[in-house]
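Keep in mind that this is a model prediction, so the values were computed, not measured. Values below: all heavy atoms of this structure, side chains included; hydrogens, waters and symmetry mates excluded.
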Amino acid sequence: MKHFDARSIKAESANRFLFITFLTTSALVIQISCSLLPRYTALGNQAQVQKLSEQFKNGCWVAYSPTTFDPTTKPIKWPAKAEIVEDLQVLSSSGFNGLVTYGNFKDSANPNQLIDIPHLAQESGFNFMIIGIWDPSDESELAFIEQVSKNPILSGISVGNEGLGIRYNLSELSSAIKRLKKTGLPVTTTEEAHDYVGNSPLYEISDWIFPNVHPYYASIYNPQRAVDYTRRIFRNLSSATEKYVVLKEVGLPSADGSPNLSEKEQAIYYRQLSKTNVDYVIFEAYDAPWKHNLVNGKDPEPHWGLFTVQRKPKEAVLGICSQQ
């Protein structure tokens, strides 16, 4: 299986860096482009997407990868089922009831099996889940999703994450989405906001629109300015389509090696964002020390979590779900 290989993750981080300059003006580009585009109509599984939108609006959602997972080691360090349970219980006890994953993880105790995270999330008190697929061409991932798709906790499927043209092509992505729509669940994919500019095929192949929006990579570190940026991108993307738009990743890291950021700034960003009409998933649950992406000598990637890798809450956790 090819889940979460380190080289592909580094390629996505490099891709973020290459687009920093572009992203500083992406809000304007998206606004101009949307005024020129026909609105993409809400086709597909409309009843399920409507249900999904209500779950996003009423839930407290967080993006999750296991704390003990590390794809940079040889062999890859896979999580144990008990470690995932502990992760999920910490999140649930903090008020989160919606979970978004990126892929499927081998069990460290039995590498021939994938861990049934939907089942564990349901047992841990979560109500909703978007299950992710890391590699759209991986038959084991596709078959596993089909196997667990009837779990009532599942609200939808997200195929791939910032990998189009890097880890997979449009044909592979479209084929996986078409196949998984047969489960009866709504299916989407995720790219960065600027990838939805122009006549993007992402609108057509997705049941709902699920982009990543990061003010940090537009060189915006002030929490209120970051909120304004996030809200503007959300509004402009929503104006381009009748399909439901929810931002899969939003956030500010709590550190990057500079004095620009801290837990306080991260907390202010989420507190102010909760006062807007933006539908979003918090990125992310836990710090990931194995991630690195140097940008002008700064490295934000290990520090996006609301909790440390030891599951200790940061300042933003206090009341975060009651604010939404």
| query | So, are D135 and R167 salt-bridged, with charged N and O less than 4.0 Å apart? | reply | no
| request: Report yes or no: does D138 contribute a side-chain atom to a donor-acceptor pair with the main-chain N or O of S140 at less than 3.5 Å? | output: yes
| field | salt bridge (charged side-chain N to carboxylate O under 4.0 Å, His left out) involving D70 - partner list, sequence neighbours excluded | value | none
| query | So, for I153 and P118, which heavy atoms are closest and what is the spacing to 0.1 Å? | reply | CG2-O, 3.8 Å
| S274 (side chain) donor-acceptor with R271 (main chain) under 3.5 angstrom | yes
| said: Working to the nearest 0.5 angstrom, can you tell me the gap between R232 CZ and F234 CZ? | reply: 14.5 Å
| task | Please name all residues satisfying ring-ring contact (aromatic ring centres under 6.0 Å, His included) with W208, sequence neighbours left out, ordered by chain then number. | result | F210
| When you measure from the side chain of E141 to the backbone N and O of N104, does any donor-acceptor pair fall under 3.5 Å? | yes
| message | Taking side-chain hydrogen bond (donor to acceptor under 3.5 Å, both in side chains) as the definition, give me every residue that meets it alongside K298, ordered by chain and number, with sequence neighbours left out. | response | Y221
| Is a donor on one side and an acceptor on the other found under 3.5 Å between the side chain of W61 and the backbone of Q55? | yes
| query | Who pairs with K178 by side-chain hydrogen bond (donor to acceptor under 3.5 Å, both in side chains), at least two apart in sequence or on another chain? | reply | none
| Just how far is it from atom CD1 of I117 to atom CG of N151, taken to the nearest 0.5 Å? | 12.0 Å
| said: Please enumerate all residues that pass side chain to side chain contact (heavy atoms under 4.5 Å, CB included) together with V90, with sequence neighbours excluded. | reply: Y286, F307, R311
| task | Determine whether V309 and I282 fall in the same hydrophobic cluster, where Ile, Leu, Val, Met, Phe, Trp and Tyr are linked whenever their side-chain heavy atoms lie under 4.5 Å apart. | result | no
| query | Does S93 use its side chain to pair, donor to acceptor, with the backbone of Q89 at less than 3.5 Å? | reply | yes
| request: Would you please name every residue forming a side-chain hydrogen bond (donor to acceptor under 3.5 Å, both in side chains) with Y270, sequence neighbours left out? | output: none
| query | Can you list the steps and then say if T230 with Y269 is a side chain to side chain donor-acceptor pair (under 3.5 Å)? | reply | CA-CA 10 Å; T230 305; Y269 171 81; 2.8 Å; yes
| message | Taking the basic N atoms (NZ, or NE/NH1/NH2) and the acidic carboxylate oxygens, is any pair closer than 4.0 Å for K182 and E146? | response | no
| task | Starting at CG of L180, measure out to OG1 of T188 and round the result to the nearest 0.5 Å. | result | 12.0 Å
| query | Out of curiosity, L185 CG to S149 OG, how far, rounded to the nearest 0.5 Å? | reply | 6.0 Å
| In Å and rounded to the nearest 0.5 Å, what is the CD to CG distance from E265 to L252? | 8.5 Å
| query | For E54, what residues pass the salt bridge (charged side-chain N to carboxylate O under 4.0 Å, His left out) criterion, not counting sequence neighbours? | reply | none
| field | K314, NZ atom: more than 12 neighbouring heavy atoms under 6.0 Å | value | yes
| field | Salt-bridge criterion met for D228 and R225 (N-O under 4.0 Å) | value | no
| Is there a donor-acceptor pair under 3.5 Å between the side chain of D287 and the backbone N or O of G305? | yes
| Among K248, E162, E191, side-chain hydrogen bond (donor to acceptor under 3.5 Å, both in side chains) partner for N212 | E162
| said: Please enumerate all residues that pass side-chain hydrogen bond (donor to acceptor under 3.5 Å, both in side chains) together with Q147, with sequence neighbours excluded. | reply: none
| query | Listed by chain and number, what are the side chain to side chain contact (heavy atoms under 4.5 Å, CB included) partners of K275, not counting sequence neighbours? | reply | Q272
| request: Please confirm whether W78 and F69 have ring centers closer than 6.0 angstrom. | output: yes
| query | Going only through I, L, V, M, F, W and Y residues with side-chain contacts under 4.5 Å, is there a path from I209 to L170? | reply | yes
| task | Scan for disulfide (SG to SG under 2.5 Å) pairs involving residues 58-163, sequence neighbours excluded, and state none if there are none. | result | C60-C321
| message | Could you work out, with salt bridge (charged side-chain N to carboxylate O under 4.0 Å, His left out) as the rule, every residue matching D116, not counting sequence neighbours? | response | none
Enumerate donor-acceptor pairs with a distance under 3.5 Å from any side-chain N or O in residues 120-129 to protein atoms, sequence neighbours excluded.
unit_1	atom_1	unit_2	atom_2	d
E123	OE2	H119	NE2	3.2
S124	OG	L120	O	2.8

| query | Atom CD of E83 and atom CD of E86: how far apart are they, to the nearest 0.5 Å? | reply | 8.0 Å
| Is there a donor-acceptor pair under 3.5 Å between the side chain of S175 and the backbone N or O of E172? | no
| said: Quick check against the 3.5 Å criterion: does E263 have a side-chain atom that pairs as donor or acceptor with the backbone of E315? | reply: yes
